[in-house]
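This structure is a prediction, so every number in the text was calculated from the model and none was measured. Whatever order the structure lists ligands and atoms in, that order sets their numbers, starting from 1.
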Amino acid sequence: MKKASGPFEHRIIDTDEVSGLDRYQLLTSLVVPRPIGWVSTYAIDGVLNLAPFSFFSAVAASPMLISVSIGNRMGHPKDSLRNILDQKAFCVNIVTEVQVAQMNETSADFSPDQDEFERTDLPVGIADKVNAPYVANCPAVFECALFKEVDLGDAGGLVLGEVKAVRLNSDIQFKEGSCLVDTTELRPVARLGGPEYTLLGDILVIPRPTIK
Ligand SMILES: Cc1cc2nc3c(=O)[nH]c(=O)nc-3n(C[C@H](O)[C@H](O)[C@H](O)COP(=O)(O)O)c2cc1C
């Protein structure tokens with residue numbers, strides 16, 4: 001493995017001195033690659049909703065928690081946040097290589113009465129454990145119950161979901177003697193800055209160190 005060079009002379013960017021767009025671009029091109037949580041929900045009137053979020057992360061294993069940060073649109077909560085707070089439930093579908101175009105389409109500003117599943121011709125499944133739809137041709141889906149919402153003020157809301165069930169395409173194998181999914185079979189897509197995305201690159205296998 002290559003050794004690090006440096007130390008470097010760093011340019012300091014004072015985040016209070018730059019625009020909101022600059023902060024967004026710095027954040028989203030440095031926190032990379034980000035997995036994409038494709039969030040599916042029901043509106044209170046039953047309309048299905050689907051949108052991608054890359055401010056998405058694993059939070060804890062027991063209880064099994066994930067987080068999604070949902071910004072405001074024109075000062076109002078996006079449909080996904082409103083639906084999650086109303087239904088206390090959502091699914092997170094893991095976006096794979098073959099779904100990238102449809103995922104991108106679902107990020108358009110559809111009005112709340114428009115069903116993104118229908119608009120993008122995606123098959124709908126009904127979650128077993130929570131009141132939410134899911135993308136039936138996604139190989140991996142988390143069925144989540146709302147665990148907590150953190151109000152982020154102008155930045156929208158951070159939702160923590162407790163994963164009540166994991167749905168996995170039965171063709172996807174676990175690594176022997178474990179529940180580790182073979183990620184090369186999953187073929188997840190991750191987001192970089194701006195319009196850039198990435199697939200899995202080289203996989204490094206690095207066992208944890210032991211203290212001698
Ligand atoms: C790959 C990708 C990642 C995105 N990540 C986020 C995000 O983390 N937070 C956010 O508020 N919007 C994000 N967006 C924009 C939302 O998907 C978009 O605002 C969408 O229309 C929200 O839909 P909704 O109103 O149905 O919730 C992302 C868009 C794309 C294409």
Side-chain angles (χ1 to χ4, degrees), residues 20-59 65-122 124 130-135 138 140-142 144 146 148-161 186-200:
L21 177 63
D22 293 340
R23 283 191 291 273
Y24 174 76
Q25 291 181 338
L26 285 164
L27 193 63
T28 54
S29 58
L30 288 170
V31 182
V32 284
R34 295 184 307 290
I36 303 169
W38 208 5
V39 172
S40 47
T41 49
Y42 288 124
I44 210 145
D45 58 4
V47 175
L48 279 68
N49 196 84
L50 179 64
F53 296 92
S54 70
F55 286 11
F56 159 58
S57 196
V59 173
L65 300 177
I66 53 99
S67 66
V68 186
S69 172
I70 305 178
N72 285 336
R73 185 192 291 122
M74 312 280 219
H76 297 285
K78 293 185 182 178
D79 301 343
S80 303
L81 180 60
R82 207 198 40 245
N83 293 351
I84 292 170
L85 296 180
D86 285 345
Q87 303 286 358
K88 314 274 183 267
F90 58 106
C91 284
V92 177
N93 306 270
I94 300 299
V95 177
T96 65
E97 203 176 330
V98 290
Q99 292 163 320
V100 127
Q102 284 164 304
M103 175 283 293
N104 194 35
E105 275 183 68
T106 64
S107 74
D109 269 355
F110 291 111
S111 65
D113 60 344
Q114 288 181 310
D115 171 346
E116 286 91 353
F117 282 88
E118 210 175 87
R119 295 294 300 248
T120 56
D121 203 20
L122 282 162
V124 182
V130 302
N131 184 30
Y134 67 88
V135 181
C138 257
V141 179
F142 294 125
C144 302
L146 178 63
K148 194 178 190 134
E149 190 229 357
V150 181
D151 184 346
L152 302 178
D154 290 345
L158 175 76
V159 289
L160 298 184
L186 190 64
R187 303 195 68 74
V189 176
R191 185 147 192 219
L192 305 172
E196 294 180 352
Y197 293 85
T198 187
L199 304 171
L200 285 183

From CG (D22) to CG (L27), nearest 0.5 Å
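It is 12.5 Å, given to the nearest 0.5 Å.
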
Going from CD on Q87 to CG on N49, what distance comes out if it is rounded to the nearest 0.5 angstrom?
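Between Q87 CD and N49 CG, I get 11.0 Å after rounding to 0.5 Å.
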
Could you list the residues that satisfy side-chain hydrogen bond (donor to acceptor under 3.5 Å, both in side chains) with D154, not counting sequence neighbours?
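D154 satisfies side-chain hydrogen bond (donor to acceptor under 3.5 Å, both in side chains) with no residue once adjacent residues are dropped.
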
Taking only residues two or more places apart in sequence, or in another chain, which ones meet S54 in a side-chain hydrogen bond (donor to acceptor under 3.5 Å, both in side chains)?
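Result, side-chain hydrogen bond (donor to acceptor under 3.5 Å, both in side chains) vs S54: R34.
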
I94/F56 under side-chain contact (heavy atoms from CB on, under 4.5 Å): CA gap, chis, key distance, verdict
CA-CA 11 Å; I94 300 299; F56 159 58; 4.2 Å; yes

So which protein residues pack against ligand 1 under 4.0 Å, heavy atoms counted?
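Under the 4.0 Å cut-off, ligand 1 touches N49, A51, P52, F53, S54, F55, S69, I70, G71, R73, K78, D79, S80, M103, N104, S107, A108, D109, E116, R191, Y197.
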
Please tabulate, one pair per line, all N/O donor-acceptor pairs under 3.5 Å involving side-chain atoms of residues 68-76, not counting sequence neighbours.
{"residue": "R73", "atom": "NE", "partner": "D109", "partner atom": "OD1", "Å": "2.8"}
{"residue": "R73", "atom": "NH2", "partner": "D109", "partner atom": "OD1", "Å": "3.3"}

